[in-house]
Amino acid sequence: METRRRFGATGLLVPPLGLGAGELGAPALDDAGVGRLLNGALDLGVTLVDTARSYGLSEERIGRHLGHRRAEFVLATKVGYGVEGEADWTAGCVRRGIDEALRRLRTEVIDLVLLHSCPAETLRDEGILAALDEARRAGKLRVAGYSGDGAPLAQAIESGRFGAVECSVNLCDQRGLGSSVPAAAARGLGIIAKRPLANAPWRHAVRPERPDLATSWERWRAMRLEPAGLEPDELALRFAAHAPGVTCCIVGTTRLEHLRRGVELVARGPLPPAVLAAVGAAFRAADQGWEGLV
Ligand SMILES: NC(=O)c1ccc[n+]([C@@H]2O[C@H](COP(=O)([O-])OP(=O)(O)OC[C@H]3O[C@@H](n4cnc5c(N)ncnc54)[C@H](OP(=O)(O)O)[C@@H]3O)[C@@H](O)[C@H]2O)c1
């Protein structure tokens, strides 16, 4: 895979394609298969893994299957909620969320700890920000960040309190590219593009039930993209991974063959200028004030 990219001013180096481990937490998945996927990812050079407290067994599985290869990858997780005995979005919840993640992930330090899509007010809570700073000083995390979109994302960038952000960047979610992404890049933040395939809406002949996927599906249809000779996944991944300002895009997948293909597609480089212009024009023509999907 392409040489590692500088993750903003954080000092971390990341691959252009990372693994979103959101779906790897499903209890129904074969555990040995998840282990093969996680190890296969590192073998392919997909050396950034993104997870969260709310992703079922994801953190625990990453710890168990990749704990012995911890030095080989950049590890991101998300906190802020769901800790027994602590109210959500409090300093105590963030502090204990980090400690519990360290244990589950079987690591001494988490490279990137993101506040997971909280509202903008939470990002002004000095107690929470101090809890992140303390955890960094204690060596429990390297970089604190925010994962989300819209007004809270803008607040996180402007606050100057975070070293990185994770936000939606894909064919159907281009809003951030004109605002948050350049703002974050100008401030030296590392930028992760989530949902780079827009959840692959082209795979569904009829409107899916899942609300986020349904939104992407409607946008996809409204945009009527007709990529000249390019498969939709190629169009999507070359767009997201090479979008100006984006350092790494994280594909969510449970299939190693999809990750292998993702690596190949990203290696083909940015889309040709004419295709890129058509993709931008299609978004602008169909855009109905579409905000980034959280
Ligand atoms: N608020 C937040 O913080 C937030 C929100 C959303 C996502 N995220 C993060 O971003 C990651 C990625 O987002 P996502 O998983 O929602 O969306 P995504 O990466 O845009 O799409 C994932 C879907 O694409 C399919 N896929 C993967 N490669 C493909 C290919 N080459 N061709 C066709 N389909 C393909 C996957 O199915 P298969 O399993 O069949 O490959 C999966 O259903 C998540 O795992 C998570 O880590 C964070």
Side-chain angles (χ1 to χ4, degrees), residues 17-26 28-30 33-34 36-38 40-41 44 46 48-59 61-62 73-81 112-119 122 145-150 152-153 156 162 164-173 176 191-204 208 210-217 219-220 227 230-241 243 246 248-268 291-294:
L17 187 76
L19 172 64
E23 291 177 34
L24 297 186
L29 281 183
D30 168 53
V34 173
R36 281 193 295 277
L37 178 79
L38 288 167
L44 284 169
V46 178
L48 182 145
V49 180
D50 177 78
T51 182
R53 183 176 182 88
S54 60
Y55 294 168
L57 299 175
S58 179
E59 284 189 329
R61 282 173 166 160
I62 291 167
F73 65 103
V74 171
L75 177 56
T77 194
K78 316 189 192 77
V79 299
Y81 50 81
L112 179 57
V113 171
L114 302 151
L115 295 180
H116 198 171
S117 308
C118 53
T122 307
Y146 178 69
S147 183
D149 300 81
L153 173 64
F162 299 99
V165 288
E166 179 175 313
C167 57
S168 290
V169 175
N170 61 56
L171 299 169
C172 308
D173 233 329
I191 303 168
I192 293 178
K194 62 180 167 71
R195 300 185 190 272
L197 291 156
N199 300 97
W202 56 85
R203 298 199 299 185
H204 302 269
R210 214 178 89 187
D212 58 343
L213 187 45
T215 302
S216 289
W217 186 84
R219 292 183 182 186
W220 174 259
L230 298 177
E231 294 293 329
D233 60 344
E234 173 164 9
L235 189 69
L237 285 183
R238 291 176 68 184
F239 178 78
V246 166
C248 175
C249 76
I250 46 171
V251 169
T253 185
T254 52
R255 300 202 231 172
L256 194 53
E257 65 268 26
H258 271 167
L259 211 50
R260 192 173 291 117
R261 176 160 164 84
V263 170
E264 280 169 23
L265 296 177
V266 168
R268 292 181 192 170
E291 288 298 335
L293 270 189
V294 174

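Read the numbers this way: they start at 1 and go in the same order the structure lists the ligands and their atoms. When reading the values below, keep in mind they use all heavy atoms of this one structure, side chains included, and skip hydrogens, waters and symmetry mates.
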Checklist entry - About how many Å separate OG of Ser147 and CZ of Phe162, when rounded to the nearest 0.5 Å? => result 11.5 Å

Item to check | Per-atom contacts, ligand 1 versus Arg255 - under 4.0 Å to a heavy atom | outcome: 40 (O)

Item to check | Any N or O of Ser117 closer than 3.5 Å to N or O of ligand 1 | outcome: yes

Next on the checklist: So, regarding Ala200 and ligand 1 (criterion: nitrogen or oxygen to nitrogen or oxygen, under 3.5 Å), is there a contact or not?
Outcome noted: no

Checklist entry - Which bit of Pro232 is near ligand 1, meaning a heavy atom under 4.0 Å away: side chain, backbone, both or neither? => result neither

Checklist entry - Hey, is Asp173 close enough to Arg195 for a salt bridge, meaning N to O under 4.0 Å? => result no

Checklist entry - Counting N and O atoms only, with roles assigned by atom type, does the side chain of Ser216 sit under 3.5 Å from a partner on the main chain of Pro201, one being a donor and the other an acceptor? => result no

Checklist entry - So which of Glu23, Lys194, His258 gets nearest to atom 7 (C) of ligand 1, if we judge by its closest heavy atom? => result Lys194

Checklist entry - Would you say Leu197 has any N or O atom under 3.5 Å from an N or O of ligand 1, going by distance alone? => result yes

Checklist entry - Which bit of Pro196 is near ligand 1, meaning a heavy atom under 4.0 Å away: side chain, backbone, both or neither? => result both

Checklist entry - Looking only at N/O atoms, are Thr254 and ligand 1 under 3.5 Å apart anywhere? => result yes

Checklist entry - Is the closest N or O pair between His116 and ligand 1 shorter than 3.5 Å? => result yes

